[in-house]
Structure formats: structure tokens, C-alpha cells
Amino acid sequence: MQPIDKLCAELYDYIIDFLHDDDDALRACALVCRAWLPSSRCHLFYHLKLSGSGPSPISSGWAQNTACRRIFATILSSPHLASYVNELSVQELNVVRPSTYRWVSSEITFPALLNKLSNIRALEFNFPPPGPETIKTAWSTMTFRDISEAMSSMSLETLALRQFSFSSLPDFVKILDSCHHLKTLQLDHVDIATATHLSPSALEHVLNLNSPDSISHTSKTKANLETLILRSNSSALIIPVLLHTHSFLDLSSLQKLVMNVAPDSYSNILEFLKFIPNLQHLELDIERDFDYDAHLEYKDTLDLTHLPALRYLSLHTHILLGRMELLPWLLAMFSTTGSANNLLDFSLTCTVDKPPPSVTVQAFDNVLVGWHDLDNLLTQPTFDAMRRFRLDFALDKPIGDETAKQMSQEFIKQLRNLQRKGSSSSLYLTATVSVLLTMHLQPTPTPHEQRLPQEIFDSIIDYFHSNTETLRVCALVSSAWLASARKHLFSRITLSPPKSAKTSFFFLRPTPSLWAQLFECIWSNGGSRLGSVVPYIRELHLHEGVIKREWLAHERALPSLLRSLANIRRLEISRAASVRIVWEHLRTSLKAALEDHALRLTSLTELKLSSFLFDSLEDLGKILRACRYLRVLEVDHVMFTDESLDRLVPGEEDGFASEKAEKIITSLDILVIGPRTSTAFLVFLLHATSPIAVGTIRKLSLSISGSFSEFSRLLHASTSVEHLELTLMNDGKIPFKSEIRMVADGCDLLIVDLQEYWTLPDSQHFNLSQVPHLRNLKINIDVLQKMDDPLPWLGALLSTGKHASHPTRRNTVETIYIAYSIYLPAPYMDRSMNTAIFDRWREIDTILCGVESTHAESEGHAHAYETLKRVKLEFMLENPIGFGVAPRFLKELVLDSPGLERRDVLRVNAFDTSK
């Protein structure tokens, strides 16, 4: 007898639908009864993901029992299961191996499996991006034929290809001609290995209308394409095929278009937009080398009248202040908008490069005028339908100053009409200013949409940037929180020397090293649903060990690890200061991974090399020439076995002539030369073959240990310096010469001899008047007992702030920070040093105030340091008896400085640094 309270089958199906993403629960439901089996299988087999099993990075050979073969065997034994498969994703997880190891080309069951899955509606091929020395994935002729024939039996509605290269244009035509019901086409970084342009006759020949396999609009119904994503270097070749009268696609129903804009494809894109009148969503990613000024004529303007149904417009652009401006081109585009436009949402992302020192105030004002004109244009009645305007500024901020924030605020100030419109209607403005400057104009949430914006969650997670445990918990909450948590968890990776294994049982497996754990993390997450962690790794620090803990020269997986990282912003390689990394002792594969991949990344802007010993200056020159986008360079404890410049002289016999022809100059913003660095490096920076442009340096830090003439040459060549830090090193305790006698004889002890400075001619002295943009000056002095008094040198340095010909001309110095590291004598020793060491401070006071008379300043006497706002004098005290000597030292200190005290700019502090 049937129970009267039995639920309907539709209710069971509805309940099972809630478990669509829980595979374990679906498998359990499939085993309950026959009535639950179809609904469970519908979700279990709806989306298949094939990642393949390529050769392991540890062992050679291909896996035998692959996922593709297991699924193929299941379909053969149960053919009815093929009808449940609607989506197939083919991915390549082995991002370290070259493109010739793709499992799709070698898996013999893959084409046969495609033939069985005739009910597929969405097909995706996702291959890894190529390395610097590899090419994109391509199929052999036999593989391409089998896959295209299998696709012709499907009724595909979505086709996605990523990081792929077609060997010829006919192959591209053939693969898309097999998709008769296509609605979404995604070609992400898909290229065609053939000529970039074809004549009309050549295009007709490619289409080959008379062949049986040709594209024919009379024999086949065209696919009504609704979404097209085209990011390709071959757009100039693909677009004419799509626009041809015998094309396999009907573009009249296209609603969403995402494309990259290159200089050679811009005219084709303008022509393409004329044939898609029903387009509602348009995203254009304009490449960095696009010249806006060259496309301001009417024929080169993006005419929005051809897109009457456009509702969403997004532009990703690059702005180089003083060199390339977007706004004239943007204003010309919006000027073509008619009164009947339906534009509701406009998003503009600008990657703004930091302006060079040559940019004038007038040039920046012209940019502000352009933003003001854009504000006036978007608030006209023509754009009354607009409900959201989003403006993102991605600004480079390498120095740490407030330039990025100030520029963003100036841009936002020009959009006052939009702000007023937002306060009086449904157009709203909120602005956030940070390293990534974002301005949003968005509508008010409706009563049915009270969910918090994702930006608020991201801002909250940012507060946990230093709490690793909390970030791990946040990463497990939801996929929306995962990206923000990963951004902080993997932002900086430090690979330290391996620790010695301390286990009492020989059969226990030792803990994997840090780089092995990182490599496994990248390998396991490469093709997961949540995505790889590689894009989140922004800083990498390789720390070499000492003696038995050395690992850089012995770790075989390190080169593969470096080649898998593609988004590094900062790279540090260091070792203990007492021992150096010998460049010649490193593996060839490691040096190749650094020079050919890691250092050539476009994202790499900061590099730090510490405790290195190079065979010659040319070895370091190769490293610096590879860093084409470097902004910050830090070196310390770097020496050379051969410091001669002979190998730097251009000559055809050493192959340097061809390299010099392609020489790229790197414009630095920050240069830090730390202690125990050979002065030969300074000579190299000023040499004609140097790849570094010192004239663009804004922040310069020098640890001086003799050879004042070389340091002064570098300072005088750095004409754009705004922040200068000089450190007088007295590191004579360690016999540095004997330390490296075995590899580099002839190096001097790192002890500052101020007597050497006075023997130099005036042209080789430090001259602050040759640094016209200097604003902040910091001087660190290590004062030891029985050494030369540094105050005369300090006074001579500050006196050069006065122009030789115009002593009263104002300089730009605003802050002077002087830090003394003093080792105080014991109580039973002579403490007169506390007062006698600053007997000559009155001379410095006179230099900074311009006159000796206490009443001269009130009479309007002009002097060079009139813009000075703060003079900070700090003492780092080290005393053998311990803490508590700072207050007594300040009482005993006699500092005669009436001028600075009268101006209220002098601050004196003392700190105990005893251990």
C-alpha cells in the first residue's frame, strides 16, 4: 500500500538542487534510490574539469591512469552518462614545463572522449601563459584535425580559448566554423602565427568559398553571437574575418564586447563597431604604447552614434604625464554622443606613471583643465541617463612621499559638477585615496539590495595584514574574502636556509623546506577552482645560509620556482654580512632563471643585492640590464674580484657592440648604496655603458667609507635628488681586507679618513648647490674616541648649500637631520668630550641662519637656508654602564645655537642604545 504522505518527485529534485556544489552529498543521494539518481547525476556530471597528468617535476614519464582515461572508460561502460555532461573545461596545470609537454596533444583518448560528449554546450581550453623563452600552446596537425571534427558534432553555445596559438588562419576559420550555435566566444590571448594583414583577395582565398569545407552563408545558418571577448595580438587579422560577408557569425545580435586596443588594430576596431548596433556592454583595454595624440582626427574618433543601445562603457588606459595624455581623445569620443544615448554606467581605469622632473607646473595645469572639461561634458543634459561613474587611478608610488595622494586629490577636485549632481540626484560620489586611488560614482542601493559592498570587506581585512592566523581564517570564510586574504598572506615570501632536522626517529619524514612547500602550494593550486596563488606573490626574499646551511647553489627546484612567479614587485637576495655569495658558484640554471625571467618581469620595480662577490663589473651589468622597469635599487656589501673597466669598453670582439645598439636605460627613483660596497660600482654607474640613468634619482643614500671623490661624482650627477642621506662609516673593527684576501686582494679597510677629504680639490668635494631639488638632508655620523672632529666636514658640506656666485639665493632644503652615534666613556674616564665635541657648532648655526648678529634677521637679511623648517639633532648613546645616561648627557651638552633657537627650528634628542 502506497503511503499517503509521500512527497512529489519534483520536491525531491528541488531539494537536491541545493546540493549542486557538494559532490560528496550528491554521491550519497545517488545511492539512496532510483528516483534520486537522475537529479544527482545531473549535478555530478554537469561540469567536467580535465586537468591532465603531465610529467611530474620530480619523476619523468607520463601518468598512466589519467582522469581523461577514467572518464572515457566510464562513458564506454555507461553511454547514457554522456547526456548529463553540459560543460567541459580543459586545463593545463603544469605551468613549469614548456609548451611541448601539454597533455592534450599526447592524450590519445581525448578526441575520442569529445566524440562521445555530443551534448556539450560550453567548451573551455585554458593553457598556461608562455614563459620568456617559450611560445604559446599550439596543436599538431593530427591533434587539431581530431579535435575540430569532434567539435563539429556538438551544439556548442560557449567556446573559450586562453593562451593559444593557431598555426594558420584557415585553422582558426575551421575551428569556429564547426560552432553553428555559438552565443559566447572568448579568445583570451589567442594569436595566429601568420601575416598580420591580408589583402581582400588573400582573405577570399583563405575563406575558399568553392571548397566543400568552406564557410557558406547559403548552406549554413550563421551563429547569433551575443558575447565576444577578444584579447589578441592578431586582432587586425581576426576582425576582417568576422566582418566578411561570408563570416560564420552574425554580429547584429552582439550585446557584450571586450577587446584590447593596439596601434595596429585601432582602425579595424573602429570599423568593427559600425556593424554591432545592438551592443550594450563595451570594454576596451588600451595598450600602453597607444598614441592618443595621433588619433584626434574625426576619422580616428570612436563614434558612439554607431552604438545607440550602449549602456555600459569601460576603458582601461595608461597616462604618461607630460608625454601622453588621454583626455583630448576621450573628450572627442564623448562629443559624438547624441541626445538619445542610453549610457548608464561609465568606468575609467587610468594607470598613471609618476611624472618626470622635467614636467612643469603649466603642463600639469593643462591636464587639470582636461579633467575639468570632462566634468563639464558629463554633466550636460546629453548624459542625464548616466547613473554611475567609476574612476580608478593606479599610481606608481615608489618613493613613499605624498605625490600620489596629492595628484589624485587634484584630479578629484576637478569633478565638482559630478559631485553636485550626485548629491542632488541618483548619481553619487564616494572617493577613497590610497596607493591605488579609486573614485566611485554609484547609485543608492535599493531596499531589496542591502548587502555591503565588497570594498568594505576588503578594507576590514586590510587591518589584519600582519595577523597570519586571522587571515587564514578569513580565507576560509568565502570565495569573496579569499582574494583579499591571499593578498596579505602571500604578499611577501621569505625563503630562509633550511633548519637542521631534529627528530628522534629515523623513519619520520623530515619537514619539507620552505621553497618545497611554496612549490607544492603553487603546483596544487594552479588549476583549482579558487585559482593560483602566483599573482599574489609580490615580494620574494632569498636568504642564503652559511657553511652547511647553504642552499641557493644546491637547490634544483629553485630555478623552476622562479620561472613560475610572474607578478613579483620586489626581489631581495642576501646573506650574512660576514660571508658573501659568490656569483660564479651559483648554478647556471639559477642565473638563467634570474636573468631571463625574474629580472625581466614588467612588474619588478625593486631589487636588493646584499653580500655578493662578482667576478667582474660586467656580471653585475648583465643583471642591471635585465631589469628594464627598475625603480628602486639597493646594494650593500658588494665587491668585485676584478674592478677594472676594460671589459666594459664596447668592442666587436666581445659581442658588446650589438648589445649596445639595443641598450635600454633604466630610470631609477631610489638608489641605496650600503656599507662595504666597492667604489668600483660607483664608477660603473657613471660609465658610458651603464644601464642606469642616475639623473632621475629622487632619493639617494650613500654609506661613505673613503674615496670621497667617487661619491661626490655620483652625487653631482644625480641632479634630481630630493632626499639625500649620507653615512660616515667607521667600520674599522673588522679586518675586511683579510676577510676577502683569498678572492679579492687589494681592498682597503672601511674607515673614514677625513684628512683625505681636505686634500682633494674643491671640484671633488660634496657640493649641495649642484643638487637644485634637494629638500631633505640626513647625515649619520659614527663618532669614536680619538677620531677626527666631523664638525668641520659637516660645516663645509652645509656651506656648499650657498651658491658660489649668488650667496643669498635660496636653496630648497627644508629639513636637516643629523644623527650622532657616540660611544661614551665610563664614569671614571674623561667626560669632557660631551662638551668639547660641539665647540664649533656655532659655525654651523651661522651657516644655516646666514648672519652672526642676533638682530640681523629682523632687518630682513636674506640667506640661502630661508626655506629651512626643521633641524633635528639626535644622539644614539652607547655606554658601558647601561641605560639612563641620555638625560645626563643632554644636561652636560653645550650647544651654542642662537640663530636656530630664535627661529624655533632646532630639536635635540638623545637615546640610550646600550645592550
Q: Given side chain to side chain contact (heavy atoms under 4.5 Å, CB included), test Val533 with Arg486 step by step and report yes or no.
A: CA-CA 7 Å; Val533 300; Arg486 278 181 169 180; 3.7 Å; yes
Q: Does Ser532 use its side chain to pair, donor to acceptor, with the backbone of Val534 at less than 3.5 Å?
A: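 Looks like yes, one N/O pair under 3.5 Å.
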Q: Could you tell me the separation between the OG1 atom of Thr184 and the CD1 atom of Ile229, rounded to the nearest 0.5 Å?
A: 8.0 Å
Q: Given the side-chain rings of Phe490 and Tyr536, with only the six-membered ring counted for Trp, is the space between their centroids under 6.0 Å?
A: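 That pair fails the under 6.0 Å test.
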Q: Run the ring-ring contact (aromatic ring centres under 6.0 Å, His included) test on Phe334 and Phe346 for me, step by step, so that the C-alpha distance in whole Å, both residues' side-chain angles and the decisive distance to 0.1 Å come before the verdict.
A: CA-CA 11 Å; Phe334 278 116; Phe346 174 50; 4.9 Å; yes
Q: Once rounded to the nearest 0.5 Å, what's the spacing between atom CG of Asn260 and atom CG of Asn233?
A: 7.0 Å
Q: Mind checking whether Tyr629 and Leu604 have side chains closer than 4.5 Å, heavy atoms only?
A: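 When only atoms from C-beta onward are counted, Leu604 and Tyr629 do not touch, as no gap falls below 4.5 Å.
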Q: Determine whether a donor-acceptor pair (N or O, by modelled atom type, separation under 3.5 Å) exists between the side chain of Ser148 and the backbone of Ile175.
A: no
Q: Yes or no on side chain to side chain contact (heavy atoms under 4.5 Å, CB included) for Leu313 and Asp345, after CA distance, side-chain angles and deciding distance?
A: CA-CA 6 Å; Leu313 175 61; Asp345 195 321; over 6 Å; no
Q: Could you walk me through whether Arg569 and Glu606 pass the salt bridge (charged side-chain N to carboxylate O under 4.0 Å, His left out) test, one step at a time?
A: CA-CA 6 Å; Arg569 180 183 63 84; Glu606 300 182 19; 2.6 Å; yes
Q: Can you list everything that forms a side chain to side chain contact (heavy atoms under 4.5 Å, CB included) with Ala223? Sequence neighbours excluded, please.
A: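 Partners of Ala223 under the side chain to side chain contact (heavy atoms under 4.5 Å, CB included) test: Leu182, Leu249.
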Q: Give the intermediate values and the outcome of side chain to side chain contact (heavy atoms under 4.5 Å, CB included) for residues Leu330 and Thr317.
A: CA-CA 10 Å; Leu330 191 63; Thr317 65; over 6 Å; no
Q: To the nearest 0.5 Å, what is the distance between OG on Ser253 and CG on Leu225?
A: 7.0 Å
Q: Drop me the distance from Leu187's CG to Ile192's CD1, to the nearest 0.5 angstrom.
A: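 The CD1 atom of Ile192 is 8.5 Å from CG of Leu187, to the nearest 0.5 Å.
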Q: How long is the span from the CG atom in Leu599 to the CG atom in Leu594, to the nearest 0.5 Å?
A: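 CG of Leu594 is found 5.5 Å from CG of Leu599.
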Q: Kindly give the heavy-atom pair with the smallest separation between Met259 and Ile239, and that separation in Å.
A: CE-CD1, 3.5 Å
Q: Answer yes or no: is there a side-chain heavy-atom contact under 4.5 Å between Cys179 and Met151?
A: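 The answer is yes, as the side chains (C-beta and beyond) meet within the 4.5 Å cut-off.
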Q: Please name the pair of heavy atoms, one in Thr109 and one in Cys68, separated by the smallest distance, quoted to 0.1 Å.
A: OG1-SG, 3.5 Å
Q: Does Thr349 use its side chain to pair, donor to acceptor, with the backbone of Leu391 at less than 3.5 Å?
A: no
Q: Do the side chains of Leu302 and Leu304 get nearer than 4.5 Å, heavy atoms only?
A: yes
Q: Does a side chain donor of either Asp191 or Ser165 reach within less than 3.5 Å of an acceptor in the other side chain?
A: no
Q: So, for Ile568 and Ser603, which heavy atoms are closest and what is the spacing to 0.1 Å?
A: O-OG, 2.7 Å
Q: Could you tell me which non-hydrogen atom of Leu296 sits nearest to which non-hydrogen atom of Asp293, and how far apart they are?
A: CG-O, 3.7 Å
Q: Is there a side-chain contact between Gln255 and Thr227 in this structure, where contact means two heavy atoms from C-beta onward sitting under 4.5 Å apart?
A: no
Q: Just so I know, are the side chains of Phe110 and Val90 near enough to count as touching, which here means a heavy-atom distance under 4.5 Å?
A: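 Of all side-chain heavy-atom pairs linking Val90 with Phe110, at least one is under 4.5 Å.
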Q: For Tyr266, what residues pass the ring pair (Phe, Tyr, Trp, His ring centres under 6.0 Å) criterion, not counting sequence neighbours?
A: Phe290, His295
Q: Which pairs count as salt bridge (charged side-chain N to carboxylate O under 4.0 Å, His left out) when at least one residue sits in residues 227-246, sequence neighbours excluded?
A: Asp188-Arg231
Q: Would you say that Gln91 contacts Lys49 through its side chain, given a criterion of any heavy-atom pair below 4.5 Å between the two side chains?
A: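 When only atoms from C-beta onward are counted, Lys49 and Gln91 do touch, with a gap below 4.5 Å.
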Q: Please tell me if the side chains of Ile147 and Phe125 come closer than 4.5 Å, counting only heavy atoms from C-beta onward.
A: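 Answer yes - side chains close enough.
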Q: Considering non-hydrogen atoms only, spot the tightest contact between Ile238 and Ser232 and give its length.
A: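 Heavy-atom minimum between the residues: CD1-OG, 3.9 Å.
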Q: Checking Leu228 against Lys256 for the side chain to side chain contact (heavy atoms under 4.5 Å, CB included) test, could you report, in this order, the C-alpha distance in whole Å, the side-chain angles of both residues, the deciding distance, and whether it holds?
A: CA-CA 6 Å; Leu228 173 60; Lys256 181 178 180 179; over 6 Å; no
Q: Does Glu595 offer a backbone N or O that forms a donor-acceptor pair with the side chain of Arg600 under 3.5 Å?
A: yes
Q: Measuring from atom CG of Leu307 to atom OG1 of Thr305, what distance do you get when rounded to the nearest 0.5 angstrom?
A: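 It is 8.0 Å, given to the nearest 0.5 Å.
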Q: Any donor and acceptor pair, going by atom type alone, linking the side chain of Arg288 with main-chain N or O of His318 inside 3.5 Å?
A: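 Judged by distance alone, no pair lies under 3.5 Å.
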Q: Find out whether Ile269 and Ser235 are in side-chain contact, i.e. whether some heavy atom of one side chain is under 4.5 Å from a heavy atom of the other.
A: no
Q: Less than 3.5 Å apart, which donor and acceptor atoms pair up between the side chains of residues 272-286 and the rest of the protein, not counting sequence neighbours?
A:
unit_1	atom_1	unit_2	atom_2	d
Asn278	ND2	Ser252	O	2.6
His281	NE2	Glu283	OE2	2.7

Q: Would you give me the side-chain donor-acceptor pairs under 3.5 Å for residues 112-120, sequence neighbours excluded?
A:
unit_1	atom_1	unit_2	atom_2	d
Asn115	ND2	Pro111	O	3.3
Asn119	OD1	Arg121	NH2	3.3
Asn119	ND2	Ser83	O	2.8

Q: Got a sec, which pairs hit salt bridge (charged side-chain N to carboxylate O under 4.0 Å, His left out) with one end in residues 160-172, sequence neighbours left out?
A: Glu124-Arg162
Q: Give the minimum heavy-atom separation between Val173 and Val241, together with the two atoms involved.
A: CG2-CG1, 4.1 Å
